[in-house]
Amino acid sequence: MDQAEFRLRFNLHPLAAQDPAAFPHLGLRKAAVLIPLLDINGELNLILTQRPMHLRAHPGQISFPGGKIEPSDPDAIAAALREAEEEIGLLRQNVDVIGTFPAHNTFTGFEITPVVGIIKQTFELKLDPGEVADCFTVPLSFFIVPGNRHQKRFLRQGRYYCVHFIPYQQRFIWGATAAIIDHLCRHLSIPEDII
């Protein structure tokens, strides 16, 4: 999928008021992530990171650049752009923000606002080793295929939760990141006769 098709599909659907995969509960810590889309040879790719194993929270997990919304951040968009710059060296002025999705609540206590942005030009990765062990791209076309995205129900503390997961090559994308990717792909899925 190229940029023109992505923008058309993204803008054809109204954004939902709430992420259907969200877990409702109070007292959530606010966070934001950037869904960075990079054009590689005419095809959009998602940039994903892998967290270092030494981190206390979610070690080794695959995620989007992002983190906690700080008091100095005016909004979720600013937080996502700041975190992407700190974690992978993606300058905020190099991102064309095209929208946000409703916040995704996790059973681990976070309210995550996904910010969708297209990278204007290629850039040199500068990974913060304290936050990021690895950074890689996946073609959006891989995620768009419904058969590549999975979900399973798990029982935790007497309640069932739907957990999303996406195997990709030797990597395993799961949890909030996979749920946000699933939400993005469902949002982009429109009948072919409309395009």
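Because the structure is a prediction, the values reported are computed rather than measured.
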**Sub-4.5 Å side-chain heavy-atom contact between T106 and L28** = no
**Partners meeting ring-ring contact (aromatic ring centres under 6.0 Å, His included) with F6 (sequence neighbours left out)** = F10
Review item, side-chain donor-acceptor pairs of residues 116-124, under 3.5 Å, at least two apart:
| residue | atom | partner | partner atom | Å |
| --- | --- | --- | --- | --- |
| K120 | NZ | Q93 | O | 3.1 |

**For K30, salt bridge (Lys or Arg N to Asp or Glu O under 4.0 Å) partners two or more places apart** = E111
**Request:** Answer yes if L81 and I69 sit in the same cluster of Ile, Leu, Val, Met, Phe, Trp and Tyr residues linked by side chain heavy atoms under 4.5 Å apart, and no otherwise.
**Result:** no
**Asked** What residues form a ring-ring contact (aromatic ring centres under 6.0 Å, His included) with F142, not counting sequence neighbours?
**Response** Y168
**Item:** Point-to-point distance, once rounded to the nearest 0.5 Å, from CZ of F165 to OG1 of T177
**Value:** 15.0 Å
**Message:** Which residues pass the side-chain contact (heavy atoms from CB on, under 4.5 Å) test with E83, not counting sequence neighbours?
**Reply:** E86, E87
**Request:** Find out whether L184 and L140 are in side-chain contact, i.e. whether some heavy atom of one side chain is under 4.5 Å from a heavy atom of the other.
**Result:** yes
**Item:** Non-neighbouring partners of D96 that pass salt bridge (Lys or Arg N to Asp or Glu O under 4.0 Å), sequence neighbours left out
**Value:** R7
Donor-acceptor pairs under 3.5 Å, side chain of residues 31-50 to any protein atom, not counting sequence neighbours: which ones?
| residue | atom | partner | partner atom | Å |
| --- | --- | --- | --- | --- |
| D39 | OD1 | G42 | N | 2.8 |
| E43 | OE2 | S141 | OG | 2.5 |
| N45 | ND2 | E43 | O | 3.0 |
| T49 | OG1 | S63 | O | 3.1 |
| T49 | OG1 | S63 | OG | 3.2 |
| Q50 | OE1 | R171 | NH1 | 3.3 |
| Q50 | NE2 | G60 | O | 2.9 |

**Request:** List for me each residue that meets side-chain contact (heavy atoms from CB on, under 4.5 Å) alongside D128, sequence neighbours excluded, and say none if there are none.
**Result:** E131
**Summary of salt bridge (charged side-chain N to carboxylate O under 4.0 Å, His left out) pairs that have at least one residue in residues 67-79, sequence neighbours excluded** = D73-R82
**Complete:** Those residues at least two apart in sequence (or on a different chain) that pass salt bridge (Lys or Arg N to Asp or Glu O under 4.0 Å) with D182 are R149, R186
